[in-house]
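To start, the structure itself, in structure tokens.
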Amino acid sequence: MKKILLLTVGIIFYFQAFSQSQNNYSYSVGIKAASFGDFPKLMNEVRSAESFTPSYLNGIVFKFNDNQISYRFIGSKYTNNDYSFKNVCQDCETVNGNFSDFTLKAGFERSLIYGVFQPFYGLDLGYRRIYFDGIANNVSNNALLYDVIVEKNGALIHPLIGVKVNLLKSKFTISAEAGLDILYSNDRETKTLNDGNRTTSIANFRRWGFNNLPLSMLSLQYNFGHQ
């Protein structure tokens with residue numbers, strides 16, 4: 001009987017020791033290790049289906065933990081010097097160039113349960129800036145049509161759901177989440193035609209964009225500062 005009682009007490013203490021929450025610590029700092037999802041369209045980009053793009057090690061995360069809620073700040077930057085897309089139609093134009101995407105977000109996430117394994121939901125608000133500098137060629141004969149610069153600046157809403165796993169007595173946390181980017185942006189397109197006069201035109205648009213992110217962020221975080 002004593003052995004059973006001691007075993008029961010031991011099991012209870014074991015699970016208590018490993019059921020610590022990330023929120024036992026006041027702060028978390030980490031890296032955005034990977035993401036996988038849709039980018040906003042440029043110009044009159046044509047896509048036959050959703051075009052998901054992976055990115056790696058391109059952001060930082062900081063959190064302030066308060067009970068079951070974590071207040072979060074995320075900054076990330078993605079660059080691609082060989083970005084390509086079809087414009088107007090699949091057989092009209094191919095546009096190639098340098099692409100950069102900077103995002104700064106602040107929001108919250110709320111864990112549904114305590115413990116090693118924690119599902120959560122949340123919401124981020126932020127700012128996103130996309131810059132593209134490239135050239136457009138005719139698909140049929142590869143003739144140069146124009147140079148183009150696209151600048152996209154906008155306000156971002158990002159609802160999300162995810163799951164995190166606390167490791168080594170919650171000193172470290174691995175977190176994976178999926179979400180939707182809702183972007184309202186001002187787009188500025190500057191075209192310089194390949195004619196004798198190098199004619200330049202500037203157009204401004206305001207657009208809504210909705211981008212699916214099956215993996216909006218995979219992060220590794222270090223937790224510190226006992227509450």
Exercise for review: Output yes when Lys77 and Asp101 qualify as a salt bridge under the 4.0 Å nitrogen-oxygen rule, no when they do not.
Suggested key: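 A salt bridge is absent here (no side-chain N lies under 4.0 Å from a carboxylate O).
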**Study point:** Pair Glu45 + Arg47: basic N to acidic O under 4.0 Å
**Key:**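 Yes, this pair counts.
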Point to revise | Any residue meeting salt bridge (charged side-chain N to carboxylate O under 4.0 Å, His left out) with Asp187, in chain and number order, not counting sequence neighbours | key: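 Result, salt bridge (charged side-chain N to carboxylate O under 4.0 Å, His left out) vs Asp187: Lys152, Arg207.
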Exercise for review: Using salt bridge (charged side-chain N to carboxylate O under 4.0 Å, His left out) as the criterion, list what pairs up with Arg206, not counting sequence neighbours.
Suggested key: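 Partners of Arg206 under the salt bridge (charged side-chain N to carboxylate O under 4.0 Å, His left out) test: none.
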Any chance you could measure [X], atom [atom1], to [Y], atom [atom2], to the nearest 0.5 Å?
| X | Y | atom1 | atom2 | value |
| --- | --- | --- | --- | --- |
| Ile31 | Gln221 | CD1 | CD | 10.0 Å |
| Leu160 | Ser216 | CG | OG | 6.0 Å |
| Arg128 | Asp181 | CZ | CG | 5.0 Å |
| Phe210 | Asn212 | CZ | CG | 12.5 Å |
| Asn137 | Glu93 | CG | CD | 9.0 Å |
| Tyr127 | Ser185 | OH | OG | 10.5 Å |

Tell me the closest heavy-atom pair linking [X] and [Y], and the distance in Å.
| X | Y | result |
| --- | --- | --- |
| Ile182 | Pro159 | CD1-CD, 4.5 Å |
| Ala143 | Asn141 | N-OD1, 2.9 Å |
| Leu180 | Asn211 | CD1-O, 3.3 Å |
| Ala178 | Pro214 | CB-O, 3.2 Å |

Exercise for review: Apply side chain to side chain contact (heavy atoms under 4.5 Å, CB included) to the pair Lys86 and Asp91, showing each step before the final yes or no.
Suggested key: CA-CA 8 Å; Lys86 301 292 186 181; Asp91 299 320; over 6 Å; no
Contact check, side chains of [X] and [Y], non-hydrogen atoms, under 4.5 Å:
| X | Y | result |
| --- | --- | --- |
| Lys164 | Phe120 | yes |
| Val61 | Val29 | no |
| Ile135 | Leu144 | yes |
| Met217 | Ser175 | no |
| Val46 | Asn87 | no |
| Gln118 | Leu112 | no |
| Asp66 | Tyr71 | yes |

Practice item. Let me see the working for Thr94 and Ser84 under side chain to side chain contact (heavy atoms under 4.5 Å, CB included), right down to the final yes or no. Key: CA-CA 7 Å; Thr94 299; Ser84 177; 3.7 Å; yes
Set of side chain to side chain contact (heavy atoms under 4.5 Å, CB included) partners for [X], sequence neighbours left out:
| X | result |
| --- | --- |
| Val165 | Val116, Phe117, Leu167 |
| Thr190 | Ile149, Arg188, Thr200, Ile202 |
| Ser76 | Lys32, Thr103 |
| Asn98 | Asn81 |

**Study point:** For Leu183, the rest of its hydrophobic cluster, which grows through side-chain links under 4.5 angstrom
**Key:**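 ILVMFWY cluster around Leu183 also holds Leu156.
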Exercise for review: Run through the side-chain heavy atoms of Ile, Leu, Val, Met, Phe, Trp and Tyr, join any pair under 4.5 Å, and report what else lands in Ile130's cluster.
Suggested key: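 Ile130 clusters with Phe39, Leu42, Met43, Tyr78, Tyr83, Phe85, Val95, Phe99, Phe132, Leu145, Tyr146, Val148, Val150, Leu193.
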Review point. With ring centroids as reference points, do Tyr27 and Phe224 lie under 6.0 angstrom apart?
Key: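 Ring centres of Phe224 and Tyr27 closer than 6.0 Å.
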Practice item. Establish, yes or no, whether a centroid distance under 6.0 Å links the rings of Phe52 and Phe36. Key: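 Ring centroids of Phe52 and Phe36 are less than 6.0 Å from each other.
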**Study point:** Any pair counted as ring-ring contact (aromatic ring centres under 6.0 Å, His included), so long as it reaches residues 186-205, sequence neighbours left out
**Key:**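 Pairs touching residues 186-205 that pass the test: none.
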Review point. Tell me the salt bridge (Lys or Arg N to Asp or Glu O under 4.0 Å) pairs involving residues 129-140, sequence neighbours left out?
Key: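 Counting only pairs at least two positions apart or across chains, the salt bridge (Lys or Arg N to Asp or Glu O under 4.0 Å) contacts touching residues 129-140 are Arg129-Glu151.
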Review point. Salt bridge (Lys or Arg N to Asp or Glu O under 4.0 Å): which pairs involve residues 67-76, sequence neighbours left out?
Key: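 Listed once each, the pairs are Arg72-Glu109, Arg72-Asp124, Arg72-Glu177.
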Check your understanding: According to a 4.5 Å side-chain heavy-atom criterion applied to Ile, Leu, Val, Met, Phe, Trp and Tyr, with indirect links allowed, do Val139 and Val88 form part of one hydrophobic cluster?
Key ->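 No; tracing contacts between hydrophobic side chains, which count when under 4.5 Å, never links both residues.
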Check your understanding: Cluster question for you: counting only ILVMFWY and a side-chain heavy-atom cut-off of under 4.5 Å, with indirect links fine, are Val163 and Leu220 together?
Key ->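 Shared cluster, yes.
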Review point. Any side-chain donor paired with an acceptor under 3.5 Å for Thr79 and Ser100?
Key: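 There is no such pair (donor and acceptor under 3.5 Å, judged by atom type) between the side chains of Thr79 and Ser100.
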Practice item. Could you go through the side chain to side chain contact (heavy atoms under 4.5 Å, CB included) check for Leu104 and Phe102 one step at a time? Key: CA-CA 7 Å; Leu104 186 63; Phe102 171 75; 4.2 Å; yes
Point to revise | With Asn65, the side chain to side chain donor-acceptor pair (under 3.5 Å) member among Ser28, Ser111, Ser26 | key: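 Testing each of Ser28, Ser111, Ser26 against Asn65, the sole residue satisfying side chain to side chain donor-acceptor pair (under 3.5 Å) is Ser28.
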Check your understanding: Quick one: does NZ or CZ of Lys105 land under 6.0 Å from the six-membered ring centre of Phe73, within 45 degrees of the ring axis?
Key ->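 No cation-pi geometry.
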Practice item. Please check if the side chain of Asp195 supplies one atom and the backbone of Arg198 the other of a donor-acceptor pair under 3.5 Å. Key: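 Present.
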Point to revise | Steps toward side-chain hydrogen bond (donor to acceptor under 3.5 Å, both in side chains) verdict (Asn197, Thr199) | key: CA-CA 5 Å; Asn197 298 320; Thr199 305; 4.7 Å; no
Exercise for review: Start with the C-alpha distance between Ile69 and Arg110, add both sets of side-chain angles, then the distance that settles side chain to side chain contact (heavy atoms under 4.5 Å, CB included), and finish with yes or no.
Suggested key: CA-CA 4 Å; Ile69 296 178; Arg110 187 182 191 281; 3.9 Å; yes
**Study point:** Counterpart residues, ring pair (Phe, Tyr, Trp, His ring centres under 6.0 Å), relative to Tyr121 (two or more places apart)
**Key:**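 For Tyr121, no residue satisfies ring pair (Phe, Tyr, Trp, His ring centres under 6.0 Å) once neighbours in sequence are set aside.
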**Study point:** Atom CG of Leu125: over 12 foreign heavy atoms under 6.0 Å
**Key:**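 Atom CG in Leu125 is crowded, with more than 12 foreign heavy atoms closer than 6.0 Å.
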